[in-house]
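Proteins come first, then strands; the chains are lettered A, B, ... in the order of their sequence lines, and each starts at number 1.
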Amino acid sequence: MNAREVLSLTGQHLLLVAASTLAAAAIGLPLGIAAAHRPKFARWVLGFAGVVQTIPSLALFGFLIPLPFIGGIGSRTALVALVLYALLPIVRNTATGIAGVDPAVREAALGLGLTPRQMLWMVELPLARGVIFAGVRVATVVNVGVATIAAAIGAGGLGMYIFRGVSMVDNRLILAGAIPAALLALLLDFSLGRVEHAMNRRGSHRGAVATIAVVLVLCVAAGIAAWPKSSQRALVVGGKNFTEQLILGEILAQQIESRTGLPVDRRLNLAGSLIAHDALVAGEIDMYVEYVGTALQGVLKLPGISDPNAAAERVRLEYASRFHVEALPSLGFENTFAILVRGSDARRLHLRTISDAAPVSSTWHAGFGYEFMERQDGYPGLSRVYGLHFADAPKVLDLTLTYRALAGGQVDLIAGNSTDGLIPALDLVQLEDDRRYFPPYQAVTLVRSAALEAHPEIRAALEALSGTITAAAMQKMNAAVDLDHREPRDVAAEFIKTINRR
Amino acid sequence: MIEFKHVRCVLPNGAILLRDLSLTVEAGETLALLGRSGSGKTTTLKLINRLRRQESGEILVDGKSVTAWDTIRLRRSLGYVIQEAGLFPHFTVARNVGLVPTLEGWSTERIDARTREMMTMVGLDPAEFAARYPDELSGGQRQRAGVARALAADPPVLLMDEPFGALDPVTRAEIQREFAAWRDRLKKTVVFVTHDVREALLLGTRIAILGDGELVAHGSPEDIRNSTDPRVREFLQT
């Protein structure tokens with residue numbers, strides 16, 4: 001994060017907001033005008049726009065991704081969603097503004113022989129313009145906020161910082177996104193408010209019109225200037241929105257850049273496996289790192305396979321035949337549920353496996369995250385398979401807090417993520433899943449076959465990464481970002497250096 | 001000039017506005033449509049410029065049925081003044097007065113000249129009032145501007161819907177007097193709606209009293225004053 005990057009993301013953000021609001025005005029004004037004169041149509045169109053507004057933005061992006069032409073990931077889909085959000089205030093204000101014209105004025109205008117077109121341009125629009133512009137202003141300010149969500153589908157903007165900050169539990173990053181976004185909203189609200197005020201005054205509006213024109217031109221110019229120069233059809237590396245994925249995405253990207261010199265675009269911070277998967281299948285991204293268990297059960301919807309090699313093989317075959325996507329050999333580590341105890345306990349009681357813990361667990365207290373308590377492959381099965389019984393019912397708390405609770409002695413056993421940087425940092429020990437209760441979750445790189453064919457040289461670069469990342473190495477890298485607040489980019493660069501030195 | 005032949009007008013909800021009206025307005029005449037609210041007098045006026053449509057019967061303007069006229073042409077040949085004037089609040093007085101000439105595509109100089117002439121005639125000094133907006137005028141001044149606007153493109157007919165209804169009695173009497181002078185000078189045919197019998201008797205060359213969608217009485221002010229019809233007497237006594 002640096003000033004230049006903040007500026008560039010602010011520019012992207014501004015361009016998203018300006019372009020979507022302009023498009024929404026271009027669509028919404030005619031709709032509002034039509035609605036003002038046709039009550040039935042008005043009910044229909046306002047109802048639709050109202051329903052769209054009630055859809056949470058992340059869900060709306062989710063709906064749009066699989067659609068042809070307007071869907072996919074990237075700024076185009078984000079624009080479509082932002083336009084949909086901006087429509088309601090613009091259509092509604094246009095319709096109510098026009099309907100609010102004094103009936104006496106309307107009657108006089110009709111009686112004097114204005115044509116419908118003259119009525120619209122000479123009477124309705126000029127008298128409604130303040131209300132209409134207020135709708136545009138509301139839409140603009142709302143979209144500054146909604147546009148932060150656009151980062152979830154790889155459209156860039158200030159949301160990048162917010163999402164990355166949330167996933168890395170880094171308030172500094174969250175603020176780096178939130179403060180410029182808030183300032184942008186305030187600035188736009190203020191300047192558009194001035195224009196609205198000018199519009200509500202009568203007489204010549206050349207000043208107001210000129211102001212709008214200048215603001216628009218500035219927005220678009222600033223956005224274009226700040227838009228990252230995209231190279232011609234670069235390879236695109238994707239990643240999900242948590243620390244480990246940010247690091248892995250950077251590792252893939254930098255490995256390709258350093259080994260092949262090909263330009264690489266990064267679409268990290270995608271909101272979840274399904275968005276990443278859809279993006280990969282649609283060719284919006286060329287590769288990302290997935291976990292075998294997630295691919296098998298979450299994406300392919302197949303039953304779990306406990307043998308790690310069989311599971312990886314099944315994933316490889318299914319992805320090749322269904323999606324023309326190649327699953328490369330594992331990077332070398334699993335990110336699975338990790339049953340954790342304090343290092344001191346493990347050494348004192350000689351605990352190595354979960355089975356070792358069963359006899360001593362009856363005096364222990366356990367703490368689990370919400371998800372682990374609920375999932376089929378979570379606590380209920382674990383307790384059954386290993387005969388784990390605790391002194392009382394497990395405490396349910398936020399996953400990140402369980403680590404601290406364990407280290408602080410409030411609980412004696414938790415289920416964390418096996419690659420979490422907190423494990424070494426807090427001197428926790430992962431007990432081996434000796435009965436293979438948890439499905440295998442090796443990390444594998446998924447690459448579109450088309451990308452491998454177009455750039456055969458990337459295969460060697462990516463395969464060189466196979467088996468190079470141990471769970472301990474991943475834990476360390478996660479810790480470097482989560483605990484030491486280092487940039488994923490720098491952490492990845494260091495890793496690439498170490499493997500290329502070998 | 002204007003002729004109603006068995007005109008019937010009904011609202012979509014079935015309420016009858018006019019039952020069977022037949023009435024003629026000669027060129028140069030001023031017809032006062034007199035009646036209480038709901039009598040059908042405003043409906044009668046609006047049927048002439050097609051702000052309302054009849055269910056049956058025929059209305060002729062200049063010998064041609066209003067349904068055969070191009071509606072916009074018809075309206076531009078009929079000046080229209082309503083209560084509170086209905087001036088465009090976002091237009092200056094000058095732009096309001098020059099509205100119809102502008103729509104008709106007159107040259108700027110001609111519009112300016114005509115606007116100044118009309119404003120002067122209705123007693124609004126252009127130097128003082130041209131650049132003002134309607135909300136900067138008094139009620140009487142707004143009404144004067146409304147009349148000037150209706151007359152600007154020199155239509156042969158003027159339709160007025162309770163034009164002086166919202167004014168205080170002194171202003172009202174003043175404008176009524178002046179209006180009669182403008183009308184006589186410009187030789188316009190006028191149809192105006194009023195519920196004020198004094199106004200009807202003062203300005204009308206003929207008076208039609210409407211009640212309940214029907215023509216109750218019809219005649220010169222003299223005829224009306226001398227009528228023995230109890231419904232007319234009732235009106236005269238208010």
Distance-minimising heavy-atom pair for [X] and [Y]:
X: B:Lys46; Y: A:Glu107; answer: NZ-OE1, 3.2 Å
X: B:Leu99; Y: A:Leu114; answer: CD2-CD1, 3.9 Å
X: B:Arg149; Y: A:Ala108; answer: NH2-CB, 3.5 Å
X: B:Phe88; Y: A:Ala109; answer: CZ-CB, 3.5 Å

Inset, instruction - Compare all side-chain heavy atoms of B:Pro89 with those of A:Leu127 and state whether any distance is below 4.5 angstrom. - result: yes

Legend entry - Top contributor to chain B interface from A:Ala104, A:Gly111, A:Pro126 [non-hydrogen pairs under 4.5 Å]: A:Gly111

Legend entry - Residue from A:Leu112, A:Leu110, A:Thr115 passing side chain to side chain contact (heavy atoms under 4.5 Å, CB included) with B:Arg75: A:Leu110

Legend entry - Part of B:Leu159 within contact of chain A (heavy atom distance under 4.5 Å): neither

Legend entry - From B:Thr102 atom OG1 to A:Met122 atom CE, the distance as rounded to the nearest 0.5 Å: 6.5 Å

